[in-house]
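Accompanying notes for the structure given below.
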Amino acid sequence: MDELAYLHPPPALARILERTAELEFHMASEGRTGALLRTLAASKPAGRFLELGTGTGVATAWLLDGMDSASELISVDVDSSVQEVAHEVFSGDVRLTLITEDAIAFLKRQPAGSFDLVFADAMAGKYEGLDEALRVVKAGGFYVVDDMLPQSNWPDGHAAKVPALMASLAAQAGFVIAPMAWASGVVLAVRKPNQV
C-alpha cells in the first residue's frame, strides 16, 4: 500500500516545505508521521496539545489540521530562526501559541496531566527530560516520538541512545506503548487511566 497516496496534506504544508528547503533545514517530520499526529489530534475535541521542537512548523501544520476550533496547541523551540517560518504561516491561527524557550524549562512549569498529546520531536522531552514530558500527559493522553529508525542527520553516537529510550518507555508502568517500525520510526504511548 502506498499510504502517502491517500493523504491529503494540510493546506499550509506546501509553503512551509518550500521555506524549509530554502533554509536547508533537514529535521522536519515526514508525511506519515504528520498524518498520525493529525489523526490523534482529531480524537481529542477541545484538546490541549504540546509540540516540543517546532522546527519550521511541518508537524505543527498536521496537528492544527486535525484540531477542532476549541483546541489549543503550544509549540516550543529554542531556535527562533526556524520557528519564524511557523510564525509567518500561522500568525492568524488563534489556536497556536509559539514559544521560543528551552523545552525542559517550559515542561517544569507545567502542571501534571495538563496535555492531551505531547509530541516530542526534539532532544528535549525525548532523550533529555523524558520524565518531565511524560509527567504532563493526561490520563488517556498520548506521548509520541518519531525518528527512532536510523536517520542520515543523526550525530555521532546518537544511535546508542535509541535502545536506551525504548527501554525506558517500555518500563513506564503508567503507560502502554506501541513501537512502530514505520515512517521514521514512531513510538505511540498512552497514559493508562488513573495513572497521573
Answer whether the closest heavy-atom distance between the side chains of L188 and L40 falls below 4.5 Å.
->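 Sidechains of L40 and L188: in contact.
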
Are any non-hydrogen side-chain atoms of L130 and S168 less than 4.5 angstrom apart?
->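 A side-chain contact under 4.5 Å exists here.
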
In Å and rounded to the nearest 0.5 Å, what is the [atom1] to [atom2] distance from [X] to [Y]?
X: I74; Y: L98; atom1: CD1; atom2: CG; result: 10.5 Å
X: Q83; Y: T56; atom1: CD; atom2: OG1; result: 10.5 Å
X: L73; Y: F115; atom1: CG; atom2: CZ; result: 9.0 Å
X: L17; Y: L13; atom1: CG; atom2: CG; result: 4.0 Å

Is there a side chain to side chain contact (heavy atoms under 4.5 Å, CB included) between L134 and Q172 once you walk through the steps?
-> CA-CA 9 Å; L134 294 176; Q172 297 291 329; 3.5 Å; yes

Would you list the pairs meeting salt bridge (Lys or Arg N to Asp or Glu O under 4.0 Å) in which at least one residue belongs to [range], sequence neighbours left out?
range: residues 27-37; answer: E3-R32, E30-R32
range: residues 42-62; answer: R48-E72
range: residues 56-67; answer: R38-D65

Determine which pairs satisfy ring-ring contact (aromatic ring centres under 6.0 Å, His included) with at least one residue from residues 32-91, sequence neighbours left out, and list them in order.
->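 For residues 32-91: none.
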
What heavy-atom pair brings [X] and [Y] nearest, and what distance separates the two atoms?
X: G125; Y: A120; answer: O-CB, 3.4 Å
X: E84; Y: S81; answer: CB-O, 3.8 Å
X: R95; Y: L64; answer: NH1-O, 3.1 Å
X: D68; Y: P45; answer: OD2-CA, 3.3 Å
X: T100; Y: S80; answer: CG2-CB, 3.9 Å
X: A86; Y: T54; answer: CB-CG2, 3.9 Å

Do any pairs count as a side-chain hydrogen bond (donor to acceptor under 3.5 Å, both in side chains) and have a residue in residues 8-18, sequence neighbours left out, and if so which ones?
->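 Passing the test, one end in residues 8-18: no pairs.
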
List in chain and number order the residues that pass salt bridge (Lys or Arg N to Asp or Glu O under 4.0 Å) with E24, two or more places apart in sequence or in another chain; answer none if no residue qualifies.
->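 For E24 there are no salt bridge (Lys or Arg N to Asp or Glu O under 4.0 Å) partners, ignoring immediate neighbours.
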
Results of salt bridge (Lys or Arg N to Asp or Glu O under 4.0 Å) for D79 - residues two or more places apart only |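 Expected list: none.
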
Linking I/L/V/M/F/W/Y whenever any side-chain heavy atoms sit under 4.5 Å apart, do [X] and [Y] land together?
X: L149; Y: L165; value: no
X: V58; Y: V78; value: no
X: L52; Y: I104; value: no
X: F106; Y: M123; value: yes
X: W182; Y: V176; value: yes

Considering residues at least two apart in sequence or located in another chain, which fulfil the side-chain contact (heavy atoms from CB on, under 4.5 Å) criterion with [X]?
X: V162; result: Y127, M148, W154, H158, M166
X: D146; result: S29, T33, F119, D121, K126, S184, V186
X: E132; result: L107, K108, R135
X: A160; result: none

With F25 via ring pair (Phe, Tyr, Trp, His ring centres under 6.0 Å) - residues at least two apart |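 Partners of F25 under the ring pair (Phe, Tyr, Trp, His ring centres under 6.0 Å) test: none.
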
Can you check whether V137's main-chain N or O pairs, donor with acceptor, with R191's side chain at less than 3.5 Å?
->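 Yes, the answer is positive, given that a donor and an acceptor are paired below the 3.5 Å cut-off.
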
Would you confirm whether D116, through its side chain, and G141, through its main-chain N or O, come within 3.5 Å as a donor-acceptor pair?
->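 It does not hold such a pair.
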
